[in-house]
Amino acid sequence: MKKLLATLLAIALISTTFTACGNTNNATDNTDTPVVEEKLEGSLISKDKKTFSIFLNFNNMPFDSNWPIWQEVGKRTNIYLEGIIPKSSSDEKQAFTNMLNSGDLADIIGFVDPAALEELGRDGGLIPLNDLIDKYAPNIKRVLDENPKVKRYATSLDGNIYQIPKAIKTKVTEMWWIRQDWLDKLNLKAPTNVDELYNVLTAFKNDDPNGNGKKDEIPLFDRAGHKMLDEYLCLWDTSTNFYVRDGKVIFEPLEKNFKIGVTNMAKWYKEGLIDPEIFTRGPKSRDVLLGGNLGGMTHDWQSASSYNVTLAKDIPGFKMQGIAPIADQNGVVKERTESSPVVGWGISSSCKDPVTVIKFMDYFFTEEGANLMNWGIEGDTYTVNEKGEKVFTDKVLNSGKSVISYLRSIGCQYRIGMDHDPLFETASATDSAREVMQMYTDHSEWYLENMPPYVDGKLTLKYLPENEKEYNKLMSNIEPYVDECFQKWILGISDFEKDYPSFIQNLKDRGIDRAIEINQEAYDIYLGNK
Ligand code: CA
């Protein structure tokens, strides 16, 4: 694949088969006279209308130039984007591979995996943006300079910036949510540590809090269980992946806590405390289990509290309450999930007018551009109250969708490089979620320091180009093996105690020590120690 890509790029570079960038109507582009920067009105980026092609597909939503916000962006900047992914194409990875194989790169490219974008950059498919940012993008430059975490996220280990991220600077993402009405009914207090949690979940299982006379409750569930097999191992401060402790990268399955965690999780699963379909139920788990008055507790985003509104009629008294993270077996309270910058977009080597594009990208880091992408259009989707705070209009609040879903349906909060407004998170939350988010925000000690982004249950580090291939190869042999073993142990298909020694030997044979070494090097670079 990589080799093929390199070849394709090499051919493309000499044969101009890449699509042309920008249907520019600007006649002065072809003259030899030096361009004198002209002061343009308002937020215009170009005097004439320009259109650029874009490859981006976020949450199965290929970029759609008809979205009202992007029409508004076009009106204000004179820059329009044309998505190249058909609306029927829901597989982002396949579409990306297809584009690379075709050799026809869009002018602007965004993709879910920042490592793949950096690789495309190193192979010549994306251009380094460092100089363009210095010269033409003062707002991007300011945000990168003010936020080392964002800058680190944007910068490849070869020193180049190939993609402008969505600059998220808040910490809180997922929180613990429990059925407060069930606790009240059974006269229980919210659990504070893993032993209390076991007792509460057992009561949820056995004491019929939904009151239908059946033992049908599913005490602990998760809509991300299908992609994060080990979501609940963090209750025992462990996981099936890498982690950092005291400056050292460890692979948690080799550590003591893993034995404690897997043994307990298998026991909980066997006793029916964990959703029997946790590995397979998928993203709809929350809708199904809360809507059916069956689910008791989960670890999820602030949107978990929205069911208090949507289910109020169907399930009288229904209340999902956010609680502090559960202390582990050693009494330590930590929240592993933490928000981090999100991958954004870059400029491809076939773009003929990168200067205009970087100026356009800079727009989303200005107050006006960031407001459009975070909040929508003033007077339509939000207003500013007498205290100067932005509030969403009834059109957004009463749309029948969640705030974020509504905004995404008009093109806001898309996965582009932009300055994220933390106030958006609180404004879009319900009152009860807002309090919980504030509680998590106020307890910065619950979060770890010097942690690389922790996404979907694993650390994400950047690897040196010379290590990357070796690392990916090692992990392609290790990760599926660990997931498979873990699943077998939890489901009770195989005996953990009995398997563990050979499991460790297998990991060694598959090169886990070298993988740890590569991660340590990557982490040292992350910390700036190398
Ligand atoms: Ca029941």
Side-chain angles (χ1 to χ4, degrees), residues 174-226 228-236 261-327 402 430 432-433 436 487 489-493:
E174 294 192 34
M175 295 157 277
W176 287 93
W177 298 92
I178 193 164
R179 284 289 295 275
Q180 183 64 45
D181 52 326
W182 285 12
L183 288 174
D184 293 344
K185 187 159 180 192
L186 302 179
N187 218 357
L188 297 166
K189 278 193 198 136
T192 64
N193 61 49
V194 72
D195 292 331
E196 291 174 11
L197 176 60
Y198 174 77
N199 293 333
V200 164
L201 297 176
T202 303
F204 279 1
K205 183 73 202 166
N206 296 323
D207 300 345
D208 195 24
N210 68 6
N212 64 355
K214 294 182 209 161
K215 277 195 186 184
D216 55 352
E217 286 80 358
I218 292 175
L220 190 60
F221 66 95
D222 208 294
R223 65 182 167 133
H226 65 290
M228 298 154 70
L229 298 178
D230 58 342
E231 170 95 55
Y232 291 125
L233 277 182
C234 64
L235 288 164
W236 295 275
V262 174
T263 307
N264 276 286
M265 215 173 137
K267 172 176 149 72
W268 289 23
Y269 186 86
K270 197 175 174 191
E271 294 175 7
L273 306 186
I274 294 173
D275 181 5
E277 295 176 42
I278 185 125
F279 297 117
T280 50
R281 200 187 291 274
K284 292 269 178 228
S285 299
R286 198 171 68 162
D287 290 340
V288 171
L289 297 177
L290 291 181
N293 200 8
L294 297 168
M297 186 172 178
T298 193
H299 186 239
D300 210 318
W301 294 68
Q302 49 131 317
S303 55
S305 78
S306 65
Y307 294 84
N308 295 344
V309 181
T310 55
L311 294 176
K313 267 189 207 143
D314 292 341
I315 309 173
F318 181 98
K319 189 175 184 197
M320 282 299 263
Q321 175 66 49
I323 59 171
I326 305 293
S402 68
T430 60
S432 57
V436 185
Q487 195 161 341
W489 294 325
I490 300 304
L491 296 176
I493 295 169

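Throughout, numbering of the chain's residues begins at 1 and tracks the sequence. Remember, it's 1-based here, ligands and their atoms both numbered in the order they're listed.
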Novice: Are W176 and Y232 an aromatic pair, judged by ring center distance below 6.0 Å?
Specialist: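 Yes, they do, as the ring centres are separated by less than 6.0 Å.
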Novice: Which heavy atom of P209 sits nearest a heavy atom of A203, and at what distance?
Specialist: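 P209 and A203 have their closest heavy atoms at CD-O, 4.3 Å.
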Novice: Tell me which pairs pass salt bridge (charged side-chain N to carboxylate O under 4.0 Å, His left out) where either residue lies in residues 263-273, with sequence neighbours left out.
Specialist: K267-E271
Novice: Quick one: give me the number of protein N/O/S atoms under 3.0 Å from the Ca ion (ligand 1).
Specialist: 7
Novice: Could you give all pairs that pass the salt bridge (charged side-chain N to carboxylate O under 4.0 Å, His left out) test and reach residues 189-201, with sequence neighbours left out?
Specialist: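 Listed once each, the pairs would be none.
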Novice: Looking at side-chain heavy atoms only, is the closest gap between T298 and M320 below 4.5 Å?
Specialist: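 With C-beta onward as the side chain, the pair touches.
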Novice: Test: salt bridge (charged side-chain N to carboxylate O under 4.0 Å, His left out). Region: residues 300-324. Which pairs qualify, not counting sequence neighbours?
Specialist: R223-D300, R286-D300
